[in-house]
Amino acid sequence: MTASRGVALALAISIAASIALVAVYVANGSVELQGITLALALGGLGTAVVIWAVALIDAPIEVEERHSFARPDRPDVTAPGSEEVTRRRFLARMLAGAAGLLAAALVLPAFSLGPQPGTDLFRTAWRRGLRLVDADNRSLRPDDLVLDSVRTVFPEGFVGRADSQTLLIKVKPSDLALPDGRDDWAPEGCVAYSKVCTHAGCPVGLYRAREHQLLCPCHQSTFDVLRGAVPVFGPAARPLPQLPIEVDAEGYLVALGDFPDPIGPGFWDMTHTPKDGS
């Protein structure tokens, strides 16, 4: 009886502490108080399990067979141990409840990880009308680029933003064989592709001017600049998204909108398409 009461008391403390932990978290209570209630919840549950294992689990009993002295005319009318069975069922339910409440309470900190990313991984800072600027925040014209050269550019006002880093390359317009619908995305032979590799998100930092190929040094994924940055070697299975650009009235290169496809690794999301220019 004493052991059963000890288990019940420990489980009651664990249940109360778990409820208190939820209340403290919802009320934005102190971290110290959350730690205390968590310790009580874990301690109560652990204490109950230990007492149960030591005192309530039946050890094997060796019984020597002997002749029964029961009288046939007086059959047993009570079920031996029925009270003990009922008590153990009650304790088992308390144990399940305490464990369930504690598990629910431990899930709460997940809400402190911040808001869901939503579409943040699938949109960049590029918007219609934003100029292409270099690392020094200088706007660029087509004439500022040397033929077969490459430069890392960003949206004006977002220099250094990792998801928006873009490779701007100038080639002969006659050499381009871009996918259908992109004929006006490369003014004067200037093409722009996301610098984030579609294999594992590494920066595509090398350009082979003679072959017109971009190379990711991490895993050797190679992309054909003239044909829309389609992969021609390595593990990448998706082209680098191309940024639609044009020349504005003052002669500077500007974006026509965001990348039409999600940048980076395909496991981020292959179904979401950002709205152009929004």
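Of the possible donor and acceptor atoms, one in the side chain of Thr198 sits under 3.5 Å from a partner among the backbone N and O of Arg238. Judged purely by atom type and a 3.5 angstrom limit, Ser221 uses its side chain to pair as donor or acceptor with the backbone of Ala236. Looking only at distances, no side-chain donor or acceptor of Thr37 sits under 3.5 Å from a matching main-chain atom of Gly35.
Asp134 pairs by the side chain to side chain donor-acceptor pair (under 3.5 Å) definition with Arg138, not counting sequence neighbours. Applying the side chain to side chain donor-acceptor pair (under 3.5 Å) test to Thr166 and every residue at least two apart in sequence or in another chain returns Trp126. Glu250 is linked by a salt bridge (Lys or Arg N to Asp or Glu O under 4.0 Å) to Arg131, counting only residues two or more places apart in sequence or in another chain.
Residues Ile245 and Val191 do not share a hydrophobic cluster, clusters being chains of Ile/Leu/Val/Met/Phe/Trp/Tyr side chains in contact below 4.5 Å. By the rule that hydrophobic residues join a cluster once side-chain heavy atoms approach within less than 4.5 Å of another member, Ile169 and Leu253 end up as members of separate clusters. No chain of hydrophobic side-chain contacts below 4.5 Å, direct or via other Ile, Leu, Val, Met, Phe, Trp or Tyr residues, connects Val254 to Phe259. Under a hydrophobic-cluster definition in which Ile, Leu, Val, Met, Phe, Trp and Tyr are linked whenever side-chain heavy atoms come within less than 4.5 Å, directly or via other members, Val230 and Leu214 are assigned to different clusters. Taken together through direct or relayed side-chain contacts under 4.5 Å among Ile, Leu, Val, Met, Phe, Trp and Tyr, Val232 and Val204 form parts of separate hydrophobic clusters.
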Distance-only donor-acceptor hits, side chain of residues 176-186, under 3.5 Å, sequence neighbours excluded:
from, atom 1, to, atom 2, distance (Å)
Arg182, NH1, Gln242, OE1, 3.0

Donor-acceptor contacts, no H, no angles, side chain residues 149-157, under 3.5 Å, sequence neighbours left out:
from, atom 1, to, atom 2, distance (Å)
Ser149, OG, Val146, N, 3.2
Ser149, OG, Val146, O, 2.4
Arg151, NH2, Asp144, O, 3.4
Thr152, OG1, Lys195, NZ, 3.0

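In this structure, the separation between SG on Cys190 and CD on Glu246 is 13.0 Å, given to the nearest 0.5 Å. Atom OH in Tyr207 sits 9.5 Å away from atom OH in Tyr193 (nearest 0.5 Å). In this structure, CG on Leu206 lies 5.0 Å from CG on Leu215, to the nearest 0.5 angstrom. Atom-to-atom distance recorded for Leu11:CG and Leu45:CG is 6.5 Å, nearest 0.5 angstrom. The structure places CG of Asp175 at 8.0 Å from CG of Asp148, a figure rounded to the nearest 0.5 Å. The CZ atom of Arg127 sits 8.0 Å away from the OG atom of Ser164 when rounded to the nearest 0.5 Å.
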Item checked: Intermediate values then yes/no, salt bridge (charged side-chain N to carboxylate O under 4.0 Å, His left out), Arg227 and Asp224 -> CA-CA 6 Å; Arg227 297 190 296 120; Asp224 188 341; 2.8 Å; yes
Next item on the list: Decide yes or no on side chain to side chain contact (heavy atoms under 4.5 Å, CB included) for Gln220 and Phe233, but give the supporting numbers first.
Entry: CA-CA 7 Å; Gln220 307 305 307; Phe233 181 79; 4.1 Å; yes
Item checked: Audit row: Cys202, His219, side chain to side chain contact (heavy atoms under 4.5 Å, CB included) steps and yes/no -> CA-CA 9 Å; Cys202 305; His219 305 97; 4.1 Å; yes
Next item on the list: Would you please test Asp163 and Thr124 for side-chain hydrogen bond (donor to acceptor under 3.5 Å, both in side chains) and show each step?
Entry: CA-CA 6 Å; Asp163 66 348; Thr124 72; 5.6 Å; no
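Within the 4.5 Å cutoff, no side-chain heavy atoms of Pro262 are placed close to those of Pro241. Counting heavy atoms from C-beta on, the side chains of Pro260 and Pro244 come closer than 4.5 Å. Between Thr222 and Pro231 the shortest side-chain heavy-atom distance does not fall below 4.5 Å.
Connectivity analysis of hydrophobic side chains (ILVMFWY, heavy atoms under 4.5 Å, direct or indirect) links Ile36 to Leu40.
Across every non-hydrogen atom of Val225 and Val171, the tightest pair is CG1-CG1, 4.5 Å.
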